[in-house]
Structures are given as C-alpha cells and as structure tokens.
Amino acid sequence: MAVRRRGKQILIDLDKGLLYVHLGMTGKLLWNGRSGKYTRAFLEFKNGTLLFDDIRTFGRFEFFSAPPANLTNVGPDALVVSFEEFYSRMRKRKGSLKVLLLNQSFIAGVGNIYADEALFAARIHPLARSGRLSERRARVLYESLGEVLALAIEHRGSSISDYVDGAGEQGSFQSLHNVYGRQGETCLRCEGTIRRIVVAQRGTHYCPRCQRV
DNA sequence: CAGATCACCTGCTTGC
DNA sequence: TGCAAGCAGGTGATCT
C-alpha cells in the first residue's frame, strides 16, 4: 500500500483500486480510531480500519476501482516546482498573484493563509498582476513561498479553534503568522497598518505600506 | 479557456 | 441569558 501526496491531495494505492483523500478544511484520517459524530466514511482492511472524520464536510474520501486519468489534474507541487517553470507559467497569467497562488492547477498545495504569508514575506501586493512581475521579484516570491510552507510543515500547520490532527496534535504555525489575521495591527516590518480585503471570496491580509504592486 | 461569482457546511464569535 | 446573524475557507459548478 503506497501513499502519495500531491499538493493537498492524498493518494493511497490499494491492491485493487485507489483511495483519494482531500482533507478540505477540517478533515482528518484516523487509523483504528473511534468513530464519532463527524465520521463521514471508513474503509476496513485486514489489519485495521481507516476512518475519515470531517466537521465541515469540505473534504473528500473516495474509492476508485478504476481511477480516472484526470483525478490528479493539478499543477506541480509547490515544494517541488522549479523556479524556471514557476516563472515562465506565471508570466502568461493576467490575474492577480493572490488568486494565482491559490489556483491548484498553477501550483498545488498553497492555501489562503500561506498565500498571504508568502506575499508578505516577498513584499508583494496580493493584487499585483502575475504577468508583470519582474524575474527578480518572482524569485523572491518563489523562495518566500518555499520557506513559508517548510516552516508551516515543521510546525504542523495552522490549527483553527481546538482542531487536532489524526495524531491528536495541534499545529502551532498560527503563532508565527506575520500578516494573516492581523488586520488593524501594526506591520511587523514597517510603520504601516495591516489591511484586510476580500480577494476571490477569501480574506486577504497585507501591509499597504511595504507590499508593492 | 481564463476569470469571476456563488454555493456548499458547521462551529465559533458577535450583537442585540 | 438566549438566539439570530455573520464569518471562515477549498473547491466545483455555473456564467460571462
């Protein structure tokens, strides 16, 4: 049984078929866990049971005996993509950078918090046009994104409320947020005040003073 | 086909 | 105190 990941997608190869899992916002996998109010699905194996719990039901837990070819129709993983590919594909886009970073077909694995944090680290305005970013600034963004994601993984992500993962642990990256959720507070890098706007239906946080278009 | 908008769902927070 | 309204977010459907 091989377990793979691409972006936010978890793919588990079974003897016959494929299990596709997406945790959405609040999903978690439990091995031999106790089923409860939020257990949405389970799969029994010879040596145990895989449970899928999900409070907000944004996740997916699907078994395919014959997986469709386009099941993983997402771009290269954000931690794997080369700068050359990142930049050349970015240049062809006309929309804003925030939207592009969230687009899983561009690169896979970046969520709302990490898009805001990466743009802040790179000093780039979330509404900056993707196709107009200089190569030098694109490289800063690329490196910032890698650093933000690596640090977040090291801290087991950002836990909302009292959410715990399948191992019963909380993430702690939320205490390291430099811009996400800090609207109205002073920028940690300059004298600006963090602003919150809505982009692509998502809360977007940035410093209007040190993040340039 | 790229981009924009809406809907889905549930627990927590806010306001009266 | 209690209850209603507002909010959060990943993605897929739908429309332009």
Side-chain angles (χ1 to χ4, degrees), chain A residues 5-11 19-30 35-41 51-62 64 67-79 85-120 125-133 145 148-149 152-153 156-166 170-171 173-175 177 179-185 194-206 213:
Chain A
R5 179 193 68 83
R6 186 163 186 180
K8 306 174 189 177
Q9 302 180 327
I10 299 168
L11 301 163
L19 185 62
Y20 166 75
V21 180
H22 192 304
L23 300 179
M25 284 294 297
T26 52
K28 57 183 171 185
L29 291 172
L30 300 167
S35 69
K37 184 179 176 184
Y38 304 113
T39 299
R40 310 296 182 186
L51 280 180
F52 181 62
D53 280 15
D54 189 8
I55 293 175
R56 296 189 194 176
T57 72
F58 276 15
R60 291 290 183 88
F61 186 95
E62 297 182 58
F64 294 94
N70 64 348
L71 183 63
T72 60
N73 191 21
V74 295
D77 190 276
L79 286 170
E85 183 178 2
F86 179 79
Y87 182 56
S88 69
R89 292 176 63 218
M90 172 178 288
R91 290 195 67 175
K92 298 169 187 166
R93 299 301 192 109
K94 291 181 178 177
S96 69
L97 275 172
K98 170 70 186 271
V99 171
L100 189 66
L101 292 178
L102 291 178
N103 185 341
Q104 303 299 299
S105 68
F106 175 63
I107 51 172
V110 181
N112 195 45
I113 292 170
Y114 307 105
D116 281 6
E117 291 295 327
L119 287 166
F120 175 79
H125 196 290
L127 295 180
R129 300 289 100 182
S130 305
R132 299 200 178 167
L133 202 64
L145 190 57
V148 164
L149 291 175
I153 289 169
R156 306 183 71 91
S158 308
S159 287
I160 58 169
S161 185
D162 57 352
Y163 177 82
V164 295
D165 63 25
Q170 290 193 6
F173 185 70
Q174 64 274 20
S175 64
H177 291 170
V179 68
Y180 181 86
R182 296 195 67 249
Q183 60 270 27
E185 298 177 30
I194 302 302
R195 181 175 295 169
R196 180 185 184 278
I197 59 175
V198 175
V199 178
Q201 317 286 99
R202 297 291 165 260
T204 297
H205 313 73
Y206 71 102
V213 171

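Numbers restart at 1 for each chain; the letters A, B, ... are given by sequence-line order, proteins then strands.
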Check your understanding: What bend angle does the helix from B:dA2-C:dT16 to B:dC16-C:dG2 show across its length, from five-pair end axes and to the nearest 10 degrees?
Key -> 40°

Review point. Got a sec, which residues hit side-chain hydrogen bond (donor to acceptor under 3.5 Å, both in side chains) with A:R60, two or more places apart in sequence or on another chain?
Key: A:E62

Check your understanding: Which residues pass the ring pair (Phe, Tyr, Trp, His ring centres under 6.0 Å) test with A:F61, sequence neighbours left out?
Key -> A:F52

Practice item. Give a yes or no on whether a donor-acceptor pair under 3.5 Å exists between the nucleobase atoms of B:dA2, that is its base, and the side chain of A:R93. Key: no

**Study point:** Interatomic distance where CZ belongs to A:R89 and P belongs to B:dA2 [whole Å]
**Key:** 10 Å

Review point. A:D53 CG to B:dT10 C1': how many Å, rounded?
Key: 14 Å

Exercise for review: Please examine the side chains of A:I197 and A:L127, heavy atoms only from C-beta on, and report whether any two atoms are closer than 4.5 Å.
Suggested key: yes

Point to revise | Interatomic distance, A:H205 NE2 vs C:dC7 C1' [rounded to whole Å] | key: 12 Å

Practice item. Tell me what A:G59 touches on the nucleic acid: a base, only sugar-phosphate, or nothing, going by heavy atoms under 4.0 Å. Key: nothing

Point to revise | Over 12 non-hydrogen atoms of neighbours within 6.0 angstrom of CZ in A:R129 | key: yes

**Study point:** Rounded distance (Å) that lies between atom C1' of B:dC12 and atom CZ of A:R56
**Key:** 8 Å

**Study point:** Residue met sooner reading DNA chain B from 5', once A:R40 and A:S96 are mapped to nucleotides
**Key:** A:S96

Review point. By side chain to side chain contact (heavy atoms under 4.5 Å, CB included), which residues pair with A:Y87, not counting sequence neighbours?
Key: A:F83, A:R91, A:E135, A:A138

Practice item. Check side chain to side chain contact (heavy atoms under 4.5 Å, CB included) between A:A108 and all other residues, then give those that pass, not counting sequence neighbours. Key: A:V74, A:Q104

Please list, for nucleotides 13-15 of chain B, all pairs of protein and nucleotide N/O atoms separated by less than 3.5 Å.
none

Practice item. Taking side-chain hydrogen bond (donor to acceptor under 3.5 Å, both in side chains) as the test, write out the residues that go with A:E85, two or more places apart. Key: none

**Study point:** With sequence neighbours excluded, residues passing side-chain hydrogen bond (donor to acceptor under 3.5 Å, both in side chains) with A:Q201
**Key:** none

Revision key, fill the gap. Contact string for nucleotides 10-16 of chain C, one letter per nucleotide 5' to 3', B = base within protein heavy-atom range under 4.0 Å, S = sugar-phosphate only, - = neither, reads BBS----

Exercise for review: Would you please name every residue forming a side chain to side chain contact (heavy atoms under 4.5 Å, CB included) with A:T39, sequence neighbours left out?
Suggested key: A:S35, A:L51, A:D53

**Study point:** Rounded distance (Å) that lies between atom P of B:dA4 and atom NZ of A:K98
**Key:** 14 Å

**Study point:** Pairs meeting criterion salt bridge (Lys or Arg N to Asp or Glu O under 4.0 Å) with involvement of residues 67-76 of chain A, two or more places apart
**Key:** none

Practice item. Quick one: list whatever passes side chain to side chain contact (heavy atoms under 4.5 Å, CB included) with A:Y38, sequence neighbours left out. Key: A:R40, A:I55

Revision key, fill the gap. To the nearest angstrom, the CD1-C1' distance between A:I55 and B:dC12 comes to 11 Å

Practice item. Mind calculating the distance between CG (A:D54) and C1' (B:dC9) to the nearest angstrom? Key: 9 Å

Practice item. Would you kindly give the CE-to-C1' distance between A:M90 and B:dA2, to the nearest whole Å? Key: 16 Å

